[in-house]
Amino acid sequence: MRAVASVLHLDLDAFFAAVEQRDKPSLRGKPVVVGGVGGRGVVSTASYEARRYGVRSAMSTREARARCPHAAFLTGRFHAYRDTSERVMALLRSVSPLVEPLSLDEAFVDLAAADRATYPQLADLSVPSVTAFAEHLRARVEEVTGGLTASVGVASSKFLAKVASDLDKPDGLVVVPRGTERDLLRPMSVTVIPGVGPATTERLRRVGVHTVADLETLSEDELVRLLGNANGHWLHQLAQAQDDRPVVAEREAKSVSVEGTYDHDLTDRVLMEQLLTRQAVDVARRLRKAGLSGRTVTIKVRLHDFTTLNRSTTLASPTDAPATIARLARTLLADLDTSGGVRLLGVGVSGLADWVQEDLFGETTEDEEELPDVEVPHHSRRAWAPGMDVEHAEMGRGWVWGSGRGVVTVRFETAETPAGPVRSYAEDDPDLTVWRPPTPEEEPG
DNA sequence: TCTGGGGTCCTAGGACCC
DNA sequence: TCTGGGGTCCTAGGACCC
């Protein structure tokens with residue numbers, strides 16, 4: 001904990017949904033749900049309008065549809081989110097070199113390391129000065145994002161800054177003056193502590209601990225006995241608002257993985273092997289793009305009953321070769337009983353090194369091996385869903401307004417033309433295709 | 001026909017080494 | 001012949017986060 005409140009946490013409000021509302025004006029003020037639209041999709045982000053109907057992150061899309069049938073359900077356009085996120089992160093980095101992104105929509109900023117040439121007001125880290133600066137920063141976020149709002153917390157530690165940014169959402173600011181931290185935390189549920197999820201909450205509940213104040217009454221030894229070494233020490237620290245974690249700008253990736261949940265359980269082993277192969281190729285492509293390679297290949301298999309299995313194998317030296325990763329993944333699958341059906345398959349590589357093993361012996365690498373093309377059983381490829389982005393050969397980009405009885409209605413609307421035209425097409429019109437956002441590799445730059 | 005996808009970190013047991 | 005102790009690596013599973 002620092003002597004002054006100089007750690008800032010910024011969180012973009014309902015980020016994915018807000019980007020959709022920014023880019024599709026008719027969605028403004030309306031419930032918007034971004035997430036998986038397939039049979040097994042879950043909600044990634046709900047706009048505040050949708051939250052009023054009880055729609056929440058991580059809820060199944062099925063349940064979200066039941067709660068708010070008139071919401072627009074969108075699959076997500078990650079290139080747009082990444083683009084907007086980068087603008088915000090660049091703004092934050094202009095404030096301080098110590099910016100630690102936690103995800104596309106969240107970051108810590110160390111104001112004590114701020115660039116005082118550009119922001120002389122940050123020479124003064126008093127509460128009034130920091131408050132004024134945070135308001136200025138929130139206004140700048142709106143400018144660079146084209147109207148998105150952010151919630152900000154400023155405090156003497158990461159933990160308190162994050163708690164603070166949550167207190168006045170959306171579009172809020174809370175500064176926690178030094179010395180008031182413990183009083184703020186005491187009445188709060190233990191669930192505000194990062195790392196306290198459902199399992200830990202239940203263990204604590206059984207010993208009568210519900211709030212941070214309750215937690216303060218347990219000794220460190222008791223917490224370690226209850227929750228294990230790491231979690232016990234950690235909770236003991238945070239219960240006293242003790243948190244000295246620095247803001248760290250560069251964090252190296254420790255693993256790269258790809259996984260997919262299928263609308264219908266898989267039973268065909270050949271198809272499973274093909275899917276793993278394809279995922280291995282994706283993982284290898286991402287490794288190469290990042291200049292990384294790894295020694296441990298892991299597969300993840302979720303069975304029909306949601307039992308999740310991981311199998312891994314470690315090589316003597318790191319690889320980024322798609323054929324090697326694919327072969328190991330298929331070998332790992334061979335030892336598993338999947339006769340009951342598989343709902344998820346995944347491939348990952350860890351034990352990363354930022355160098356690639358040279359071809360020491362001049363052997364032909366396995367890269368030359370032919371990798372089969374795979375037809376993914378994606379049953380909803382052209383099952384039109386409202387909000388889905390589409391491309392028409394002549395009209396260009398649009399999105400599905402409604403569908404049924406073999407007809408799909410598309411709205412060709414952009415930020416510039418909010419009252420863009422609406423057209424109806426036959427569902428099997430070959431000129432009409434689902435518009436797939438570019439993958440990171442396909443994007444220009 | 002409940003339950004995504006991308007990650008991080010921790011635990012615990014066994015192998016192996018000194 | 002009845003059994004050490006520490007350290008590291010690997011594997012599997014689980015909790016948690018956004």
Completion exercise
Closest to the side chain of Asn229(A), out of dG7(B), dC18(C), dT11(B), is dT11(B)

Handout entry: Integer-rounded Å distance: dG5(B) P and Tyr81(A) OH
Key = 16 Å

Handout entry: Sugar-phosphate only, base, or nothing, as touched by Thr313(A) at under 4.0 Å among non-hydrogen atoms
Key = sugar-phosphate

Exercise for the section: Under 4.0 Å between any heavy atoms, over every strand shown, what does Asn231(A) touch: base, sugar-phosphate, or nothing? Just pick one. Expected result: nothing

Practice task
Look at Thr61(A) and dG4(B) and indicate whether a side-chain polar atom (N or O) is within less than 4.0 Å of OP1 or OP2.
Solution key: no

Exercise for the section: Indicate, with a heavy-atom threshold strictly under 4.0 Å, whether Arg40(A) touches base, sugar-phosphate, or nothing. Expected result: sugar-phosphate

Problem - Selected nucleotide, minimal atom distance to Thr296(A) side chain, candidates dT11(C), dG4(B), dC9(B) - result: dT11(C)

Problem - Selected nucleotide, minimal atom distance to Ser44(A) side chain, candidates dT8(B), dG4(B), dG5(B) - result: dG4(B)

Handout entry: Between P of dG4(B) and CZ of Phe16(A), the distance in whole Å
Key = 16 Å

Practice task
Take atom C1' in dT3(B) and the same atom in dC16(C), then report the distance between them in whole Å.
Solution key: 16 Å

Handout entry: Rounded distance (Å) that lies between atom C1' of dG5(B) and atom CG of Asp105(A)
Key = 15 Å

Exercise for the section: Evaluate the criterion side chain to side chain donor-acceptor pair (under 3.5 Å) for residue pair Ser151(A) and Asp13(A); output intermediate values, then yes/no. Expected result: CA-CA 7 Å; Ser151(A) 295; Asp13(A) 300 314; 2.7 Å; yes

Exercise for the section: Select base, sugar-phosphate, or nothing to describe what Arg203(A) touches, counting heavy atoms under 4.0 Å on all strands. Expected result: nothing

Problem - Polar side chain donor-acceptor pair, Arg2(A) to Ser157(A), under 3.5 angstrom - result: no

Practice task
Please check the phosphate of dG5(B) (OP1 and OP2 only) for any side-chain N or O of Thr261(A) closer than 4.0 Å.
Solution key: yes

Exercise for the section: Give Val258(A) one of three labels, base, sugar-phosphate or nothing, depending on what nucleic acid heavy atoms sit under 4.0 Å from its own. Expected result: sugar-phosphate

Problem - Atom pair distance, as rounded to whole Å: CZ in Arg56(A) and P in dC18(C) - result: 16 Å

Exercise for the section: Indicate, with a heavy-atom threshold strictly under 4.0 Å, whether Leu104(A) touches base, sugar-phosphate, or nothing. Expected result: nothing

Fill in the blank from the handout: Answer for the Watson-Crick or wobble partner of dC18(B), both distances under 3.5 Å, is dG5(C)

Problem - Check: Tyr53(A) ring centroid to His70(A) ring centroid under 6.0 Å - result: yes

Exercise for the section: Could you tell me which non-hydrogen atom of Val19(A) sits nearest to which non-hydrogen atom of Leu148(A), and how far apart they are? Expected result: CG2-CD2, 3.8 Å

Practice task
Name the nucleic acid region contacted by Gly36(A), choosing base, sugar-phosphate or nothing; use a 4.0 angstrom heavy-atom cut-off, strictly under.
Solution key: nothing

Exercise for the section: Check His236(A), Arg186(A), Gln240(A) against Glu216(A) for a side-chain hydrogen bond (donor to acceptor under 3.5 Å, both in side chains) and give me the one that passes. Expected result: Arg186(A)

Exercise for the section: Nearest whole angstrom, please: distance from the P of dC17(C) to the NZ of Lys162(A). Expected result: 9 Å

Fill in the blank from the handout: Re dC10(C): Watson-Crick or G-U wobble partner, both distances kept under 3.5 Å, found to be dG13(B)

Problem - Asp221(A)-Ser219(A) side chain donor-acceptor pair, cut-off 3.5 Å - result: no

Exercise for the section: State which of dG4(B), dG5(B), dG7(B) makes the closest approach to the side chain of Val42(A). Expected result: dG4(B)

Handout entry: Side chains of Leu332(A) and Thr313(A) in contact at under 4.5 Å (non-hydrogen atoms)
Key = yes

Problem - Spacing of Glu100(A) atom CD relative to dT8(B) atom P, expressed in whole Å - result: 13 Å

Completion exercise
Which of dT11(B), dG4(B), dA12(C) is nearest the side chain of Ala58(A)? It is dG4(B)

Problem - Side chain proximity check, Pro101(A) to Arg93(A), heavy atoms < 4.5 angstrom - result: yes

Completion exercise
With the side chain defined as heavy atoms from C-beta on, Ser312(A) is closest, among dT11(C), dG6(B), dC10(C), to dT11(C)

Exercise for the section: Report yes if a side-chain nitrogen or oxygen of Arg295(A) is closer than 4.0 Å to either non-bridging phosphate oxygen (OP1 or OP2) of dC9(C); otherwise report no. Expected result: no

Fill in the blank from the handout: Whole-Å distance, Lys300(A) NZ to dG6(B) P, equals 9 Å

Handout entry: C1' spacing across the pair dC17(C) / dG4(B), given as an integer number of angstrom
Key = 14 Å

Handout entry: Selected nucleotide, minimal atom distance to Phe306(A) side chain, candidates dG6(B), dT3(B), dC18(C)
Key = dT3(B)

Problem - Whole-Å gap separating C1' (dT11(C)) and CG (Asp335(A)) - result: 13 Å

Problem - Short side-chain N/O contact to dG7(B) OP1/OP2 from Lys254(A), under 4.0 Å - result: no

Exercise for the section: Check every atom of dT1(B), dG5(B), dT8(B) against the side chain of Leu344(A) and return the nucleotide holding the closest atom. Expected result: dG5(B)

Problem - Sugar-phosphate only, base, or nothing, as touched by Thr200(A) at under 4.0 Å among non-hydrogen atoms - result: sugar-phosphate

Exercise for the section: Give the nucleotide from the list dC18(C), dC10(C), dA15(C) with an atom nearest to the side chain of Thr314(A). Expected result: dC10(C)

Problem - N or O in side chain of Arg302(A) less than 4.0 angstrom from dT3(B) OP1/OP2 - result: no

Problem - Nucleotide nearest Arg343(A) when distance is taken to its side chain, options dT8(B), dT1(B), dG4(B) - result: dG4(B)

Practice task
Under 4.0 Å between any heavy atoms, over every strand shown, what does Gly35(A) touch: base, sugar-phosphate, or nothing? Just pick one.
Solution key: nothing

